[in-house]
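Worksheet for the structure shown next.
Order of appearance sets the numbers: ligands from 1, and atoms from 1 within every ligand.
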Amino acid sequence: MHRHPLIRSMIVLAFAITGSASTVWAAGKAHEHGALKLDVAIEGNLLTISMEAPLDNLLGFERAPRTDAERKAAADVLARLRSPDTGTPHFAADAAAQCALSKAEVQAPVLEPGAKPAAKDEHAEVQASYVFTCAKPNELRTLDVGLFDAYKRTQRIDVQVAGPMGQAKSTLKRPARKVRLAR
Ligand SMILES: [Zn+2]
């Protein structure tokens, strides 16, 4: 079906917004330390990656920082998540697809200034979403995931990919890093 390009991009945008809004985020929700979740979606020329991770995986604790060292560690993690392309990229699609990061959003309410201290047995998570715009999305084959390099406490990544070829689930176990995006 042919659609006007503007309409099409609006549909894609609506899809992206709905997708991130429907992701349940809750402090205190049970989660598994060492594991994180990635949702990867290919729609038109957009590659969208949503990540949900126990804060422990990235930082080693799941509460507001208490010391200067913890505050620095938390700020470093947030800065790193907001610039996923620095150093070893967190996510690298095939060079031939010519993808460039166009949006990065990171939410970690427990690390916000003035956050309420969590109760003793509470957990906290980080949610991040990234949008890459790809000049040649038909060239998307694999996604190289660099999260194991950056976050030593992460051992497993559960990945769900939704794209033109349908949906697929896979699991990366350290040190694996390649997610298949297309047949
Ligand atoms: Zn936890």
Side-chain angles (χ1 to χ4, degrees), residues 15-41 47-93 101 103-132 143-162 167-181:
F15 173 81
I17 290 169
T18 311
S20 65
S22 66
T23 307
V24 177
W25 185 91
K29 190 177 73 172
H31 56 205
E32 182 185 345
H33 290 184
L36 66 78
K37 285 182 211 161
L38 287 184
D39 274 320
V40 180
L47 170 67
T48 303
I49 301 172
S50 301
M51 181 178 92
E52 198 176 294
L55 193 54
D56 182 83
N57 289 16
L58 313 185
L59 194 55
F61 56 88
E62 300 197 326
R63 49 168 174 71
R66 289 173 188 154
T67 64
D68 284 347
E70 287 185 354
R71 274 184 281 277
K72 182 179 185 311
D76 287 350
V77 163
L78 289 178
R80 184 72 182 86
L81 289 171
R82 285 174 178 137
S83 303
D85 284 348
T86 51
T88 302
H90 282 4
F91 308 104
L101 183 67
K103 197 172 101 179
E105 281 183 1
V106 179
Q107 289 178 295
V110 78
L111 299 182
E112 299 294 329
K116 256 191 349 190
K120 204 177 179 190
D121 57 349
E122 267 187 57
H123 294 270
E125 300 188 350
V126 173
Q127 190 165 350
S129 69
Y130 304 101
V131 179
F132 294 84
L143 181 68
D144 185 272
V145 178
L147 296 171
F148 288 139
D149 292 350
Y151 307 108
K152 304 296 181 197
R153 299 169 71 86
T154 300
Q155 302 298 328
R156 193 186 88 222
I157 302 175
D158 295 318
V159 188
Q160 184 160 318
V161 177
Q167 296 204 354
K169 285 186 177 183
S170 58
T171 298
L172 292 180
K173 288 185 178 157
R174 180 181 289 275
R177 53 190 299 145
K178 299 281 186 197
V179 173
R180 181 185 277 201
L181 298 177

Confirm or rule out an N/O/S atom of Glu125, from backbone or side chain, lying less than 2.8 Å from the Zn ion (ligand 1). no
Hey, what's the ring geometry for Tyr130 with Phe91, parallel, tilted or perpendicular (30° and 60° as the breaks)? tilted
His33 NE2 and Glu62 OE1 subtending at the Zn ion (ligand 1) (10° steps): 120°
Qualifying residues under side-chain hydrogen bond (donor to acceptor under 3.5 Å, both in side chains), relative to Tyr151, sequence neighbours excluded: His90
State whether Arg80 and Asp76 are salt-bridged, where the test is any N-O pair (Lys NZ or Arg NE/NH1/NH2 against Asp/Glu carboxylate O) under 4.0 Å. no
Residue His123 atom name (nearest to the Zn ion (ligand 1); N/O/S): ND1
Among the N, O or S atoms of His31, which one sits nearest to the Zn ion (ligand 1)? NE2
Could you give me the CA-CA distance, side-chain angles and deciding distance for Glu62 and His33, then say whether side-chain hydrogen bond (donor to acceptor under 3.5 Å, both in side chains) is met? CA-CA 11 Å; Glu62 300 197 326; His33 290 184; 3.3 Å; yes
